[in-house]
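Structure first, then comments.
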2 protein chains.
Amino acid sequence: MSGSIQEPVVEDCAFDVFARACPSRGTLEHVTGRWGGLALGALYEGSLRFNELRRRVDGVSEKMLSQTLQALERDGLVHREAQPVNPPRVDYELTDLGRKVAERLLALIHCVEGAMDEVLTARARYDETRGAR
Amino acid sequence: MSGSIQEPVVEDCAFDVFARACPSRGTLEHVTGRWGGLALGALYEGSLRFNELRRRVDGVSEKMLSQTLQALERDGLVHREAQPVNPPRVDYELTDLGRKVAERLLALIHCVEGAMDEVLTARARYDETRGAR
DNA sequence: CAGAATCCGACCCGATACTG
DNA sequence: CAGTATCGGGTCGGATTCTG
């Protein structure tokens, strides 16, 4: 044991999002990013092909969907299954890890959706009191 | 009453994030945005002053923190209490709604933090197979 | 201390065109 | 169908300066 002089204490929480340099921030941003969350949410209902996903996530461009899926696949949250047929067919589905994350994410999404009345009311009040600016 | 001609049917799911124009997307982005989530997470532990928050959320600039807090206050997730003293003292704390949202958010954050080993492994594998690219 | 205002570069992201 | 490549505007966001 070695009473080392003074444990610099890297902290036991090795992956603390609050720390600037932590890799978990990056993953969290993939998950909560503009399209990442919606993609995970859509895939939670089941496997989807590229364009099915594109239609489900209203407003996403091909480029962004592609980019988003690659990030999620790289992080091990989404599995990509490409069949070498013609026309090409590629299916996306959540991994076990992806499903766990998606559950938490959906809980958050539903919480926010369900609170929108309250949010809208709060906004109106805020804009009224200091909205005139 | 008033059989108005045809209810435009705003849909029963009045606030569906998957719909492009839904206001819940905006709020969700405030919550899950780069700094919004971290601010909510930090405030979950208790009321904080501006600069305390700034130190807790490592890497955020004054500008972004200020901007973030305003958005969250407007959405009714954060309460801002300014005391007219000198030097000025302003405390931020979660509202009831904010606390509910923060709970879901922290569940997600901890889930991601806890999965980072797995994520990092997945990344390494991904980069190896097609990383040469 | 708690911000507001301004400047300015980086990159996000959508539209378009092209490939297999 | 399932993407990639390229371009360009808009926004994000950091550094700095200023106020009360």
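Residue numbers begin at 1 in each chain, while the letters A, B, ... track the order of the sequences.
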Ranking C:dA2, D:dG3, D:dG14 by distance to the side chain of B:R49, first place goes to C:dA2
B:F50 has its side chain closest, among C:dG3, D:dG14, C:dC13, to C:dG3
Legend entry - B:V60 side chain reached by B:W35 side chain, heavy atoms, under 4.5 Å: yes
Are side-chain heavy atoms of A:Y92 and A:L48 found at a separation under 4.5 Å?
no
Show the nearest heavy-atom pair for residues [X] and [Y], with the distance to one decimal.
{"X": "B:G59", "Y": "A:R20", "answer": "CA-NH1, 3.6 Å"}
{"X": "B:L106", "Y": "B:G41", "answer": "CD2-CA, 4.0 Å"}
{"X": "B:A39", "Y": "B:L53", "answer": "O-CD1, 4.4 Å"}
{"X": "A:R25", "Y": "B:V57", "answer": "NH2-C, 4.5 Å"}
{"X": "B:V78", "Y": "B:L94", "answer": "CG2-CD2, 4.1 Å"}

To the nearest Å, give me how far apart [atom1] ([X]) and [atom2] ([N]) are.
{"X": "A:E81", "N": "D:dG3", "atom1": "CD", "atom2": "C1'", "answer": "17 Å"}
{"X": "B:R54", "N": "D:dG13", "atom1": "CZ", "atom2": "P", "answer": "15 Å"}
{"X": "B:L53", "N": "C:dC1", "atom1": "CG", "atom2": "C1'", "answer": "14 Å"}
{"X": "B:D58", "N": "D:dG14", "atom1": "CG", "atom2": "C1'", "answer": "15 Å"}
{"X": "A:E52", "N": "D:dA2", "atom1": "CD", "atom2": "C1'", "answer": "12 Å"}
{"X": "A:E62", "N": "D:dC1", "atom1": "CD", "atom2": "P", "answer": "10 Å"}

When rounded to the nearest 0.5 Å, the distance separating OG1 of B:T95 from NE2 of B:H79 is 9.5 Å
Considering only residues two or more places apart or on different chains, which pairs with a residue in [range] satisfy salt bridge (Lys or Arg N to Asp or Glu O under 4.0 Å)?
{"range": "residues 99-110 of chain A", "result": "A:D96-A:R99"}
{"range": "residues 32-50 of chain B", "result": "A:E29-B:R34, B:E45-B:R56"}
{"range": "residues 75-87 of chain B", "result": "A:R123-B:D75"}

Per the under-4.0 Å heavy-atom filter, residues of residues 17-29 of chain A near DNA chain D come out as none
What residues 63-77 of chain B contributes to the DNA chain C interface at heavy-atom separation below 4.0 Å is B:K63, B:S66, B:Q70
Within residues 38-47 of chain B, the residues having a heavy atom closer than 4.0 Å to DNA chain C are none
Please tabulate, one pair per line, all N/O donor-acceptor pairs under 3.5 Å involving side-chain atoms of residues 66-74 of chain B, not counting sequence neighbours.
| unit_1 | atom_1 | unit_2 | atom_2 | d |
| --- | --- | --- | --- | --- |
| B:T68 | OG1 | B:M64 | O | 2.7 |
| B:R74 | NH1 | A:D127 | OD1 | 2.8 |
| B:R74 | NH1 | A:D127 | OD2 | 2.4 |

Salt bridge (Lys or Arg N to Asp or Glu O under 4.0 Å) filter on B:R89, not counting sequence neighbours, yields B:D91
By side chain to side chain contact (heavy atoms under 4.5 Å, CB included), B:S24 pairs with (sequence neighbours left out) A:E113, A:M116, B:F15, B:V17, B:C22
Is B:R34 close enough to D:dC12 that one of its side-chain N or O atoms is under 4.0 Å from OP1 or OP2 there? no
Please determine whether a side-chain nitrogen or oxygen atom of B:Y92 lies at a distance below 4.0 Å from atom OP1 or OP2 of C:dG3. yes
Terminal axes of the helix from C:dC1-D:dG20 to C:dG20-D:dC1 (5 end pairs apiece), angle rounded to 10 degrees, sit apart by 40°
Would you indicate what B:R80 reaches in the nucleic acid, counting non-hydrogen atoms under 4.0 angstrom: base, sugar-phosphate, or nothing?
sugar-phosphate
